[in-house]
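Attaching a single structure in structure tokens format; questions to follow.
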There are 2 protein chains.
Amino acid sequence: MSVQGYDKYAYEPFAVTVDLAVFTLRSGRLHILLVERGQEPYAGQWALPGGFLEPDEAAEEAARRELAEETGLADVAGLHLEQLRTYSEPGRDPRMRVVSVAFAALVPDAPQAQGGGDAARAAWLPYEEGAGGAYGPLAFDHDRILADAHERIGGKLEYTCLATAFCPPEFTLGELRQVYEVVWGTELDPANFRRKVLATPGFVEQIPGASRLTGGRGKPAALYRAGGAGSLHPPLLRPAPEPVPDAKKGPSS
Amino acid sequence: MSVQGYDKYAYEPFAVTVDLAVFTLRSGRLHILLVERGQEPYAGQWALPGGFLEPDEAAEEAARRELAEETGLADVAGLHLEQLRTYSEPGRDPRMRVVSVAFAALVPDAPQAQGGGDAARAAWLPYEEGAGGAYGPLAFDHDRILADAHERIGGKLEYTCLATAFCPPEFTLGELRQVYEVVWGTELDPANFRRKVLATPGFVEQIPGASRLTGGRGKPAALYRAGGAGSLHPPLLRPAPEPVPDAKKGPSS
DNA sequence: GCAAAAGTGTTCCACCTACACCCATGT
DNA sequence: ACATGGGTGTAGGTGGAACACTTTTGC
């Protein structure tokens, strides 16, 4: 059950916030939306955007509201926003007990820099795997949240059609493939990728006459739209995360 | 960021709770641990076990504590406990604002009935897919939480070694297969299942001399222990969830 | 012509599927 | 004997990995 006899003011109150890991692809690299903290603790450090739940607001609504505020995007309604998990360790905010519901969001591209609503500064910074990189350690436990979010996104690409959420309304298969390559940090065979995507009904649908040049050179590529499908059967697995040195039975490879 | 200028008593306080969907296998059926509510709202109805976060306790700790209280099990430390997601819709508890972190837990078997800590009554009831079943609609939004938990468990069986968490320390491959069959509601080929499991290094390891009779009849089966591996590569996919009638694209819209 | 990217074809192999078949045990 | 479940063997199909090859553009 959730609540029985309970004096709602008996305990030190919990603050409930949302934290957002917002990813985008920019010039062939994965970027993450960060804000610079204006005051203590962690003043001057980068942090994930986020904020408090309003009294009559679900976490998903708060997350989407924050997403709109921090990115400056108008059409936030259609963006992919996914609950990641909740972080509730007692010491994660030195001031008080803060329980934070973390979300992962995907944005096609963010040409506009975003005005920091209440933050000192906000920026898209290139994502670095090792939690270090161009922005240093993040405030609070946000390095961990960010790593969890990246892992989740990478995993979801395998068995969902999520990759189109990184793309503009019209995109080429090369651009779609680049989403996988950048998020996974691997290279994929263009031919096999193409077949795999086209073999999945509802993943993408071709725009009849359209075509576009991609990198300046090369044959113009056909344009596609996102299809209606959500899941990928069979999945598109990323190449072995662990090499697996040996095993009790190793047929040939 | 998480907190800026903020009067911690300015808002109506949030209560933070954990709710647990605890599954087990009993006599060949999937069971779920439920408690009967003693007071309003939803007095007399069944609900998921759960409770409040203590002031210095992470959600995971609270969940494990509740798990121990409600199941009566002593060795709760080794059980599989996994954060599902957080439910925060404003109206989900009529009395006050309750944000609930839901967990899914797997128990090998529960021979002992559990003493209800603070609940009127607690019981293992056979899980029903359609949220109805032997226990009727659950209190609050627990039907939804339970459905989400079942879906999560079913999905995780595909690509993790989680199934051993349902089994006692020593088990036969037939028992392990039954886990999949019961959770998925399908039948699996014993021969292929066997090969698949044994081909995955670290999924199970055989106990050299041991064997046991299973259903009274039949050849005694070899006994296995859970191995150290966590993930399943390649995954063990359940038979097609959607038949997908026809058409190369545009299934829904 | 050359480089680069799109797009097509083809081969090999891992793995999944399905069944057939033997083994050990209780009734 | 026979039913039942454990365990082994094997043939066929699907799909992914790897790679050769053609096409269309810019330089």
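Protein chains get the first letters and strands the later ones, always in sequence-line order, with residue 1 at the start of each. Note: hydrogens, waters and symmetry copies are ignored here, and every other heavy atom, side chains too, is used. Note that the structure is a prediction, hence the values are computed from the model and not measured.
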Quiz item: What nucleic acid atoms does B:Leu213 come within less than 4.0 Å of, heavy atoms only: base, sugar-phosphate, or nothing?
Solution: sugar-phosphate
Quiz prompt | Any A:Arg217 side-chain nitrogen or oxygen under 4.0 Å from OP1 or OP2 of C:dC2 | solution = no
Quiz item: A:Glu187 CD to D:dG16 P: how many Å, rounded?
Solution: 20 Å
Self-check item: Check against salt bridge (Lys or Arg N to Asp or Glu O under 4.0 Å), B:Glu151 and B:Lys156
Solution: CA-CA 9 Å; B:Glu151 171 56 31; B:Lys156 276 225 154 186; over 6 Å; no
Practice problem: Could you tell me the separation between the CG atom of B:Asp189 and the C1' atom of D:dT8, rounded to a whole number of Å? | Solution: 12 Å
Quiz item: Rounded to whole angstroms, how far apart are CZ on A:Arg194 and P on D:dC21?
Solution: 20 Å
Self-check item: Distance below 4.0 Å between A:Arg212 side-chain N/O and C:dA6 OP1 or OP2
Solution: no
Practice problem: Round to the nearest Å and state the distance from A:Leu188 atom CG to D:dG16 atom P. | Solution: 13 Å
Self-check item: Centroid-centroid distance, A:Tyr180 to A:Phe193, less than 6.0 Å
Solution: yes
Practice problem: Kindly indicate whether the side chain of A:Leu232, heavy atoms from C-beta on, has any atom under 4.5 Å from the side chain of A:Thr200. | Solution: yes
Exercise. Measure distances between side-chain N and O atoms of B:Arg195 and base N and O atoms of D:dG9, and say whether any donor-acceptor pair falls under 3.5 Å.
Key: yes
Practice problem: Rounded off to whole Å, could you give me the CG-to-C1' distance for the B:Leu236 and C:dA14 pair? | Solution: 16 Å
Quiz item: Taking CG from B:Leu198 and C1' from C:dC15, how many angstroms apart are they, rounded to a whole number?
Solution: 15 Å
Exercise. Scan A:Pro190 against the nucleic acid and name what it touches under 4.0 Å (heavy atoms): base, sugar-phosphate only, or nothing.
Key: nothing
Quiz item: When you look at A:Tyr127 and A:His31, which way does the ring-ring contact (aromatic ring centres under 6.0 Å, His included) test go after all the steps?
Solution: CA-CA 5 Å; A:Tyr127 174 78; A:His31 282 65; over 10 Å; no
Quiz prompt | Length of the line joining A:Leu237:CG and D:dG15:P, which is rounded to integer Å | solution = 14 Å
Practice problem: Any chance you could measure A:Glu70, atom CD, to A:Leu20, atom CG, to the nearest 0.5 Å? | Solution: 8.5 Å
Exercise. Round to a whole Å and report the spacing from CG of A:Asn192 to C1' of D:dA20.
Key: 13 Å
Exercise. Would you mind telling me which residue lines up with the more 5' stretch of DNA chain C, B:Lys196 or A:Ala191, judged by nearest nucleotide?
Key: A:Ala191
